[in-house]
Amino acid sequence: AIVPNGNVGLATMITVQARDSWGNARGSGGDVISVTVTGANNPGNLAVHDNGNGSYTALYTPTAAGMDGVDIRLGGAGIAGNVYASVVGAGAVDAGHTTANVPNGTAGLATLITVQARDAAGDACTHGGDTVTVNVTGANNPGNLAVTDNQDGTYSAVYTPMVSGYDHVDVRLGGMGIAGNVFLSKVGAGPVDAGHTTAQVPAGAIDLATTITVTARDAFGNARGSGGDFVAVTVTGANNPGNLAVTDNGDGTYTAIYQP
């Protein structure tokens, strides 16, 4: 029998050639042939067409990628090579079922976007050659990114955000938006950087409390937005309270108070 590999959404034709005990092709019909398919697809017993010339054909259209087992019998006995295997590949790529992994980012660190091409049944495609575009706008605006075809059905694009906030990632296949489009990537601040951290130190008045506020920032000037940093505030001069108690507000700001 000829049992080819298949593709989702396309008919798979199975051809059986009846032979005698010496391997000679029969040349006439009338035999009882059964073809049963199980595995990733389960159409069960297929309709078998007697071509009247010793060959028999059966068709089925797989709907899922994977491995199918094809059990072919003549008069109830398995034929030579039974049971056959048919590897079913994904069907034609479909933008509406193609997926992407778009993670949240961190200022100063590369964000890797991965696209998985899929067919209309949602099966992952395993070949390259598709036209995939990735466009980023929002807090950061690198625009159209360079997309790498990994030749295995996946595509990758990388960008390094510098500004904290929200980026919009528009992913398209063949000009059509993929499943879940447009994606959102929340960009957080990078590691704290003393050289870009700022403070508000107002002029004071005798016997009135002076509140000093420190805003932790990363190397790009983005406010950190979270606490946990070690901040020291020391006052000397006309007044000498020395090291002040610093309150971590848990939002990237820190406050210290003294009364001149």
Novice: More than 12 non-hydrogen atoms from neighbouring residues, nucleotides or ligands closer than 6.0 Å to CG on L10, yes or no?
Specialist: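 Counting other residues, nucleotides and ligands, CG of L10 exceeds 12 neighbours.
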Novice: Between D130 (side chain) and A117 (backbone), is there a donor-acceptor pair under 3.5 Å?
Specialist: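 No: the side chain of D130 does not pair with the backbone of A117.
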Novice: Search all heavy atoms of A209 against all heavy atoms of I257 and return the closest pair with its distance.
Specialist: CB-CG2, 3.8 Å
Novice: Got a donor-acceptor contact below 3.5 angstrom from the N7 side chain to the G91 backbone?
Specialist: no
Novice: Share the residues that join F183 in a hydrophobic cluster, the rule being Ile, Leu, Val, Met, Phe, Trp or Tyr side chains under 4.5 Å apart at the heavy-atom level.
Specialist: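 V93, V102, I113, V115, V132, V134, V136, L145, V147, Y155, Y159, V169, V171, L173, I178, V187, which link up through side-chain heavy atoms under 4.5 Å apart, make up the rest of the cluster.
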Novice: Hey, could you give me the NE2/OG1 distance between H196 and T215, rounded to the nearest 0.5 Å?
Specialist: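 If we round to the nearest 0.5 Å, H196:NE2 and T215:OG1 are 14.5 Å apart.
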Novice: Just verifying a value: how many Å separate D193 CG and D218 CG, rounded to the nearest 0.5 Å?
Specialist: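 Interatomic distance, D193 CG to D218 CG, rounded to 0.5 Å: 7.5 Å.
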Novice: Look up atom CE in M176 and atom OG1 in T98, then write down how far apart they are to the nearest 0.5 Å.
Specialist: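 With rounding to 0.5 Å, CE (M176) is 11.0 Å from OG1 (T98).
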Novice: Do D167 and S185 meet the criterion of a side-chain donor-acceptor pair at a distance under 3.5 Å?
Specialist: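 There is no such pair between these side chains.
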Novice: Within the supplied structure, the quantity of interest is the number of heavy atoms (other residues, nucleotides, ligands) at a distance under 6.0 Å from Q259 CD; does it exceed 12?
Specialist: yes
Novice: Do N24 and R19 touch side chain to side chain, with heavy atoms closer than 4.5 Å?
Specialist: no
Novice: Rounded to the nearest 0.5 Å, what's the gap from OG1 on T154 to CD on Q116? Could you check?
Specialist: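 So the gap between those two atoms works out to 6.0 Å.
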Novice: Mind checking who shares a hydrophobic cluster with L112, ILVMFWY linked at side-chain heavy-atom distances under 4.5 Å?
Specialist: V158
Novice: Please give me the minimum heavy-atom distance between G96 and A179, naming the atom from each residue.
Specialist: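 Heavy-atom minimum between the residues: O-CB, 3.4 Å.
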Novice: Rounded to the nearest 0.5 Å, how far apart are CG of N45 and CZ of R73?
Specialist: 11.0 Å
Novice: If only atom types and distance count, is the side chain of S86 paired as donor or acceptor with the main-chain N or O of P4 below 3.5 Å?
Specialist: yes
Novice: Between R224 and G190, is there a donor-acceptor pair closer than 3.5 Å when you use the side chain of the first and the backbone of the second?
Specialist: yes
Novice: Does any non-hydrogen side-chain atom of N150 lie less than 4.5 Å from one of S156?
Specialist: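 The answer is yes, as the side chains (C-beta and beyond) meet within the 4.5 Å cut-off.
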Novice: Looking at A85 and N5, what are the two nearest heavy atoms and their distance?
Specialist: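 Closest approach of A85 to N5, heavy atoms only: O-OD1, 4.4 Å.
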Novice: Looking at D251, is its backbone amide N or carbonyl O close enough to the side chain of N249 to form a donor-acceptor pair, meaning the two atoms are under 3.5 Å apart?
Specialist: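 Answer holds: no.
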Novice: Under the salt bridge (Lys or Arg N to Asp or Glu O under 4.0 Å) definition, can you give me all pairs with a residue in residues 99-126, not counting sequence neighbours?
Specialist: none
Novice: My understanding is that only residues two or more places apart in sequence, or in another chain, count here; which of them pass side chain to side chain donor-acceptor pair (under 3.5 Å) with Q151?
Specialist: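 If we apply the side chain to side chain donor-acceptor pair (under 3.5 Å) test to Q151, skipping adjacent residues, the hits are D149.
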Novice: Write down the atom of A223, the atom of A189, and the distance for their closest heavy-atom approach.
Specialist: O-CB, 3.5 Å
Novice: Distance from R217 atom CZ to D229 atom CG, nearest 0.5 Å?
Specialist: 13.0 Å
Novice: Given a cutoff of under 4.5 Å between side-chain heavy atoms of I, L, V, M, F, W and Y, with clusters grown through shared members, what are the other residues clustered with I79?
Specialist: V3, V8, I14, V16, I33, V35, V37, L46, V48, Y56, Y60, V70, I72, L74, Y84, V88
Novice: Minimum heavy-atom separation for G89 to A65, with atom names?
Specialist: C-CB, 4.2 Å
Novice: For the CG atom on L208, are there more than 12 heavy atoms of other groups (residues, nucleotides or ligands in this structure) within a distance under 6.0 Å?
Specialist: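 Count over threshold, so yes.
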Novice: My understanding is that only residues two or more places apart in sequence, or in another chain, count here; which of them pass side chain to side chain donor-acceptor pair (under 3.5 Å) with N240?
Specialist: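 Expected list: none.
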Novice: Short question: side chain of N135, backbone of D170 - any donor-acceptor pair under 3.5 Å?
Specialist: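 Checking the backbone N and O of D170 against the side chain of N135, no donor-acceptor pair under 3.5 Å is found.
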Novice: Between D248 and G250, is there a donor-acceptor pair closer than 3.5 Å when you use the side chain of the first and the backbone of the second?
Specialist: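 Yes.
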Novice: Determine whether the side chains of N239 and Y258 contain a donor N or O and an acceptor N or O closer than 3.5 Å.
Specialist: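 N239 vs Y258: no donor-acceptor pair found between side chains.
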Novice: Same hydrophobic cluster for V214 and V201, using side-chain heavy-atom links shorter than 4.5 Å among ILVMFWY?
Specialist: yes
Novice: For a quick test of reading the model, state the closest non-hydrogen atom pair linking A40 to D68 and the distance between them.
Specialist: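 Where A40 meets D68 most closely, the heavy atoms are N-OD1, 3.0 Å.
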Novice: Answer whether the closest heavy-atom distance between the side chains of T255 and T213 falls below 4.5 Å.
Specialist: yes
